[in-house]
Structure formats: structure tokens, C-alpha cells
Engineer: 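Before anything else, here's the structure in question.
Below, all heavy atoms of this structure are taken into account, side chains as well, without hydrogens, waters or symmetry copies. This is a predicted model, so every value here is computed, not measured.
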Amino acid sequence: MSELYIRVAEDENEEPMEIPSEDDGTVLLSSVAAQFPGACGLRYRNPESQCMRGVRLLEGVLHAPENDWGNLVYVVNYPKDNKRKMEEIDAASAVKIKRGFQKTSDLIVLGLPWKTTEQDLKDYFTTFGEVIMVQVKRDAKTGNSKGFGFVRFTDYETQTKVIAQRHMIDGRWCDCKLPNSKACPDEPMRSRKIFVGRCTEDMTTDELRQYFMQYGEVTDVFIPKPFRAFAFVTFADDQVAQALCGEDLIIKGVSVHISNAEPKHNNSRQMMDRGRFGAGGFSQGYGSNRGGSLWSLLSLIVFYQL
DNA sequence: GTTGAGCGTT
């Protein structure tokens, strides 16, 4: 029994590879995965029905159909609809795939000369790739350029290239960036800021800073005035902030509750915060306080910056 | 009739 092998292939038409079975006639999924990284199971074509059939898998052990592997060629299963070999799904190709589907977005063009027209912009940017749209923002009354505009390309590759460099347009260096309104559209917002509930009035920003320093670099402490019994603490590292969420910490003998600082829903320019990706203005819902209280009212009335 | 870091009237 110890010399029994079963034939396994990436695909029905691929050349099979022999995978060793165990003494009891089963085959370990790990044995399959050793040759086909990322494999999560096996299937085979049932000679009678001509349908594909799954091989029974229990706790990492593959069991022969009808207690006999026979002379069939078994085909490797990969997770979900990923038919590719897992080893091909490295970070680089994942990025490539993602970029293939990446949609373009408007880019803001900063630093335009006053005289630059939309035709000028189109002429310039067309040298990089097909242009869908150009705009020069102007004063409604005077019609004077505000010195910035927008451009959109057909291809994401073009957009990437354009963002990556500075642009000499009509004698001035201009920058193309993702507008704040579009910043990090698909990045999950991992806040570096926490909400500190149940603060007492005697807690100062310095004391909070001193206290939270033990967890990581603190970049900001904000205590709303007048006193509202909560504060915001921002860390340099979002992981530190996230790790603290849900904790009850004792500061000056008082139990404070840490939760996530929720994004503000205003259009403040503070949305840029000091984050790397333009994420970040936050205020806070009312944590564990339930509605109907003074808290809800206060929280609804005022939205503090930072 | 000016300006020079920013963030898009319809």
C-alpha cells in the first residue's frame, strides 16, 4: 500500500503528477498542496455520468471514491473561482489584475497659468493618452481662470503616468493629483484616531498624551470645549489605534472607554487630516450611549474638527 | 487690470 500513487493534474488535459497516498489508502490534502500550492481539494470525472465529482475531504484527508482511487486522473481544486495556480497570484500580479479593472477618475491640475484654456489642456494631455474631459475652473463673474482645472483620461495607465510627474504647461510647473473628493476611494479607512469616552473634566490634553504614549506615538489630542466628557487621540500608527478600540482603560482612576472615531460627514478641508492617503477627518457617534440622551443631542449639534 | 496654495457653481 505504501507505494500507491494517484494521478493528479492541474487540468484534465494537463500532464498528471503522481501523488503518494497514505498507508490507509487516503491521500493527504497537504500532499496535493505540496505539488499544487493553494489546492483545496480534488475532483474527477465520473466515467458513468461524465460529470465532475468532488472527492470527499475530511479534516485534510482525501478519501478515495468507492474506496479505490482507480486509474482516474484527479483534478486540483482551487479556492473559489480562482482557477489559476496560487503561486501565480503573487502580489505583483494581483496588483496588475486590480489595475486592469481600475477605473479612471478626474485629476485635479494645480498651478495652471491664468491664460491656459481647456483646448491648451487637451492638447497637452493628449500627448500622454486619450483624454475624456478637461476643465479649467473660472470665476463665474469675470471668467478668469482660478489657476486649476480637471482632466480625465480613458486609460488608468495614462492616469498613473500623469500623476507620477510634474507638468510644464504654458510655462508653469503644474501638478496632477487625485482630488480630495476622490482620495483613496477603495482603501478601507483604518483610522489612526480613537474616541475616548467617559473622560472627566480634570483630564488635560497633556495628561492624555502622556497616558496614551505608552501605546505608541501620539500625534494629536483633542478635547472639545466646553467639556463634553470625551476626547480624540490620534496615533501615528493606525494599528495602535485599532488595537485599543473596545478597551476600557483607567486614566487617573477613571475608567474611560475607547472606540473608533467615526468619519465626519461634512466637507471640511480637514478631511485631509495628516494621513498619508488623504483619509481622516473624524468625529464620533455616541459610542455606548444610547439615543434620547443629552449625548445624542450634543453630538448631533456640533461636529468638531479633528 | 492684482494672485500662486488649493479642491470641482450650473
Engineer: How close or far is atom C1' of B:dG8 from atom CG of A:Leu178, stated in whole angstroms?
Structural biologist: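 After rounding, the reported distance stands at 14 Å.
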Engineer: Aromatic contact between A:His167 and A:Phe128, with the criterion being ring centroids under 6.0 Å apart: yes or no?
Structural biologist: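 For A:His167 and A:Phe128, the ring centres are under 6.0 Å apart.
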Engineer: Look at the side chain of A:Asn180 against the base of B:dG6 and say whether a donor-acceptor pair falls under 3.5 Å; ignore hydrogens and angles.
Structural biologist: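 Absent.
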Engineer: Could you check how far CG of A:Leu121 sits from C1' of B:dG8, rounded to whole Å?
Structural biologist: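 So the two atoms are 14 Å apart, to the nearest Å.
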Engineer: Under 4.0 Å, heavy atom to any atom of DNA chain B: which of residues 123-141 of chain A qualify?
Structural biologist: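 Of all residues in residues 123-141 of chain A, the ones placing a heavy atom under 4.0 Å from DNA chain B are A:Gln135, A:Lys137.
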Engineer: Any luck finding a side-chain donor-acceptor pair between A:Arg152 and A:Thr104 under 3.5 Å?
Structural biologist: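 Yes, because at least one side-chain N or O of A:Arg152 sits under 3.5 Å from a partner of the opposite role on A:Thr104.
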Engineer: Are the side chains of A:Asp248 and A:Val256 in touch, meaning some heavy atoms are under 4.5 Å apart?
Structural biologist: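 No, their side chains stay 4.5 Å or more apart.
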Engineer: Would you say whether A:Phe148 stacks on B:dG8? The test is a distance between ring centres of less than 5.5 Å and an angle between planes of less than 30°.
Structural biologist: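 No, A:Phe148 does not stack on the base of B:dG8, since the centre distance and plane angle fail the 5.5 Å and 30° test.
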Engineer: Considering every strand and a 4.0 Å limit on heavy-atom distances, what is the contact class for A:Leu112: base, sugar-phosphate, or nothing?
Structural biologist: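 Base contact - A:Leu112 has a heavy atom under 4.0 Å of at least one base atom.
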Engineer: Measure NZ/A:Lys177 against P/B:dG8 and give the value in whole Å, please.
Structural biologist: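 Taking NZ of A:Lys177 and P of B:dG8, I get 14 Å after rounding.
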Engineer: Between A:Phe153 and A:Phe125, does the ring centre distance come in under 6.0 Å?
Structural biologist: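 Yes; A:Phe125 has its ring centre under 6.0 Å from that of A:Phe153.
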Engineer: Not counting sequence neighbours, which residues clear side-chain contact (heavy atoms from CB on, under 4.5 Å) with A:Asp206? List them please.
Structural biologist: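 For A:Asp206, the residues satisfying side-chain contact (heavy atoms from CB on, under 4.5 Å) (neighbours in sequence not counted) are A:Thr204.
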Engineer: Using whole Å, report how far CG of A:Asp175 lies from C1' of B:dG4.
Structural biologist: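 Rounded to the whole Å, the gap is 12 Å.
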Engineer: Toward the 5' end of DNA chain B, which comes first, A:Ser145 or A:Ile108, by nearest nucleotide?
Structural biologist: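 Closest to the 5' end, via its nearest nucleotide, is A:Ser145.
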Engineer: Between B:dG6, B:dG4, B:dC7, which nucleotide gets closest to the side-chain atoms of A:Lys146?
Structural biologist: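 Among B:dG6, B:dG4, B:dC7, the one nearest the side chain of A:Lys146 is B:dG6.
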Engineer: Are A:Trp69 and A:Tyr5 an aromatic pair by the rule of ring centers under 6.0 Å?
Structural biologist: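 So the answer is no for these two rings.
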Engineer: In whole angstrom, give the distance that lies between atom CG of A:Asn144 and atom P of B:dG4.
Structural biologist: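 In whole Å, B:dG4 P lies 15 Å from A:Asn144 CG.
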